[in-house]
Amino acid sequence: MSGMDEPLRRKKSRITIFDEPVICQFCSQDVFIPYEVYVNVEQPGIGCRHTRYIAICQHCGQAKKFGDPSYYDAEKNNYIWALNQHLLSVRKYRINILLYVGKRNNDKITSFINKLIEVFSIEVEKMSDFRGGVELQLKLSSLNEMQTIRSSIIIAARRLKITIKELTIK
Ligand SMILES: [Zn+2]
């Protein structure tokens with residue numbers, strides 16, 4: 001998205017100010033819902049209202065305040081928009097994993113699922129023995145891209161010394 005001349009929308013999003021991402025200073029995450037607030041920063045009587053924003057971190061709930069430093073560049077006869085918003089929406093994925101845990105070891109599979117639950121919102125649809133391993137079918141909703149989900153799953157498995165034979169995400 002290029003520069004914008006409209007207020008930020010009250011949607012889960014990543015926000016940049018002159019291409020610098022807005023980052024939560026408490027948890028370092030970057031997903032916020034911004035709210036417009038109006039403040040009267042001028043002398044009394046002039047009544048000039050400035051738009052400012054309070055963005056709520058969607059990870060820890062802390063508020064981040066910022067203004068809109070967009071400005072008019074007279075030399076270039078151009079308005080320089082400062083704020084950019086990249087909207088995020090929760091997407092649903094269907095995931096199929098074929099994994100090997102060595103000897104039948106349901107504890108490991110439970111820990112694996114719990115590990116994924118810590119990161120994503122997950123529903124286990126099916127868990128069955130398959131070709132000497134275990135096939136897991138999951139429904140997952142996340143703001144993350146497919147690639148991020150894939151690597152989170154692989155890292156979780158690796159930590160538990162689980163071998164993933166097949167992993168499909170749709
Ligand atoms: Zn935060």
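These figures come from a predicted structure and were not determined experimentally. One-based numbering, in listed order, for ligands and for the atoms of each.
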Taking only Lys NZ, Arg NE, NH1 and NH2, and the carboxylate oxygens of Asp or Glu, determine whether Glu36 and Arg10 approach each other closer than 4.0 Å.
-> no
Taking all non-hydrogen atoms of both residues, which atom of Ala82 and which atom of Asp68 are closest, and how far apart?
-> CB-OD1, 3.9 Å
Identify the two heavy atoms, one from Ser141 and one from Val90, that lie closest to each other, and give their separation to 0.1 Å.
-> CB-CG1, 3.6 Å
Determine the minimum heavy-atom distance between Tyr79 and Ser70, stating which atoms define it.
-> CE2-CB, 3.7 Å
Proximal protein heteroatoms (N, O or S) of the Zn ion (ligand 1), under 2.8 Å = Cys24 SG, Cys27 SG, Cys57 SG, Cys60 SG
Asn78 and Tyr72 side chains, donor-acceptor separation under 3.5 Å = no
Closest approach of Cys24 to Gln62 (non-hydrogen atoms, all atoms of both residues) = SG-CB, 4.3 Å
